[in-house]
Asker: 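Below you'll find the structure I mean.
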Amino acid sequence: MIGDRMVYDAHAHIHGLLSSVPGGLGGDPPPDTPFATFDEVGLDGCIVCVVGDPATFGVGTNDTDAVQRQLAQIRSAAAEASVEVVESADGFDAARDTGRPALMLGVEGADCIGTDLDALEDLRQLGVRLLGLMHYAQNAVGTISMDLRGVTPGLDGERGLTSFGRQLVRLANELGIIVDVTHAHDETVRDVLDCSTRPVICSHTGVRSYQEFVRYISDELAGAIVRGGGLIGMWPCRIGPYGPRTVSDFAEMVAHCAQRYGVGALTLGTDFNGAPAYADGYRGPVDNALLIEELSRVGFHTDELDAVFGSNLLRFLNA
Ligand SMILES: [Zn+2]
C-alpha cells in the first residue's frame, strides 16, 4: 500500500533478469526491484512473467524445461522474500489481508509451447495464469509488432493469428488463463479479439494516438479490447526515441488514455525488472508514490487513482 491505496502491477519480471540477458540489452537499465522490497515500495502484488522466447533468452521452441526452471526460480525467490504466489484475485485479497505482498505467474512469449497444446495445460498445473502470446520473435501462434531492433519483421506468409494460435487462445479461455496481446501485430490482436471468448489484456503499452510507435496498441484495437471488458496496462518504458520522456509525460499519457477509454480501462503495467529504460524521474515501483502525485496533478481523483493502481486489475482477474 502507498498510504491507504492498494498498488498492483500487471507486468513485471524477476530481479536479476536484465543482467542475465546474453550480450545485454545495451544502455543503463533502471535498478532492480527485488521481491524482498515489495513491502518497502508499497507494492501489494504483481504479475511476474517468465520469458519464453528465443530472441532474448535463448529459450528454444517447445522448450518448456527452460520455462519451468524460470518458474521455479521465481517461486524460490518469492518464498525467500515472503511473497505469496497466488492464482486468483481472491488469492491477492487473502495475501493483502495477512499483510503479505503476492505475485501471480505468467509467461511472456508462447514460443516455448511450440505447437503442443498440452504444454499449456502443463503450464497451468505449474500455476501460470497469464499467457503473453508473443514477445520478440515470430512463433507458431502469430506475428509480432516489432523485434528487438524495433523492426516489424517482413513476412512471406500471412500476418495475424495462425490456426494453432486460435486453438491456443480458445484453450487458454477454457483453462482460465488470461491472454495478453502485448507485442502482437495488429492483425494478431484483431484475430485474438475475434476468437477469444474472454476479455483480454494488453498489459504494458501505450496507444498510438499518444505517439506513433508500432509497439503501442492501435487506438482502434485498444477500443475493442476495452469494449470486450479487457484492460490496457500503462507502460512508462522508453525505447530510443519512443515512450514518455519524463514521469510528467507519462502521467499525461495515462490521462490521454483515460480520456479516450475511461479510467476503468486502465491499469499499471510497469515491466519492472524487465524494462531497459524508463521515463526520466521514474525508476520503478520505488517511484510509484511520485507517479501518484503526477497523476493527481493532471487531474486524477482519489477513486480514479484507486482504479488505475489496483482495483481495475483485481476486478479483471475476478471476472
Ligand atoms: Zn514485454
Side-chain angles (χ1 to χ4, degrees), residues 9-21 24-27 29-30 32-33 46-59 66-67 70-71 74 103-113 128-139 141-153 177-186 188-189 192 200-208 211 213-217 221-222 225 230-240 242-244 250 253 267-279 282 284-285 313:
D9 197 321
H11 190 67
H13 294 281
I14 188 172
H15 45 275
L17 180 83
L18 285 176
S19 53
S20 73
V21 179
L25 284 181
D32 270 347
T33 303
C46 54
I47 300 175
V48 174
C49 283
V50 306
V51 182
D53 77 296
T56 35
F57 295 91
V59 175
V67 166
Q70 294 180 64
L71 287 169
I74 294 174
L103 63 82
M104 184 180 277
L105 297 169
V107 169
E108 183 170 29
D111 313 52
C112 56
I113 284 174
V128 170
R129 289 295 178 272
L130 174 140
L131 179 68
L133 299 175
M134 316 298 305
H135 201 209
Y136 281 116
Q138 312 289 24
N139 62 24
V141 176
T143 48
I144 52 173
S145 55
M146 64 173 214
D147 64 17
L148 266 177
R149 297 163 304 157
V151 176
T152 303
I177 294 175
I178 297 157
V179 172
D180 188 344
V181 296
T182 313
H183 296 277
H185 188 273
D186 290 3
T188 311
V189 179
V192 170
V200 305
I201 190 169
C202 187
S203 68
H204 52 300
T205 190
V207 294
R208 292 194 202 142
Q211 191 181 42
F213 180 21
V214 67
R215 170 61 181 75
Y216 283 174
I217 191 93
L221 291 168
I225 289 170
L231 283 184
I232 310 293
M234 297 285 93
W235 191 45
C237 200
R238 258 173 84 175
I239 308 270
Y242 299 109
F250 179 56
M253 179 174 104
T267 189
L268 196 63
T270 71
D271 206 357
F272 71 79
N273 296 332
Y278 278 132
Y282 188 79
L313 184 63

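Counting starts at 1 for both ligands and their atoms, following the listed order.
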Asker: Going by chain and residue number, what protein N/O/S atoms come nearer than 2.8 Å to the Zn ion (ligand 1)?
Answerer: E108 OE2, H183 NE2, H204 NE2

Asker: Donor-acceptor pair, distance only, cut-off 3.5 Å: does the side chain of T143 make one with the backbone of H185?
Answerer: no

Asker: Ignoring hydrogens and geometry, is there a side-chain-to-backbone donor-acceptor pair from D9 to C46 under 3.5 Å?
Answerer: no

Asker: Just do the ring-ring contact (aromatic ring centres under 6.0 Å, His included) check on H11 and H13 with the steps written out, would you?
Answerer: CA-CA 7 Å; H11 190 67; H13 294 281; 4.9 Å; yes

Asker: Can a donor-acceptor pair be found, under 3.5 Å and without considering hydrogens, that links the side chain of S203 to the backbone of G269?
Answerer: no

Asker: Are I14 and Q70 packed together at the side-chain level, in the sense that at least one heavy-atom pair is separated by less than 4.5 angstrom?
Answerer: no

Asker: Does S145 offer a backbone N or O that forms a donor-acceptor pair with the side chain of T152 under 3.5 Å?
Answerer: yes

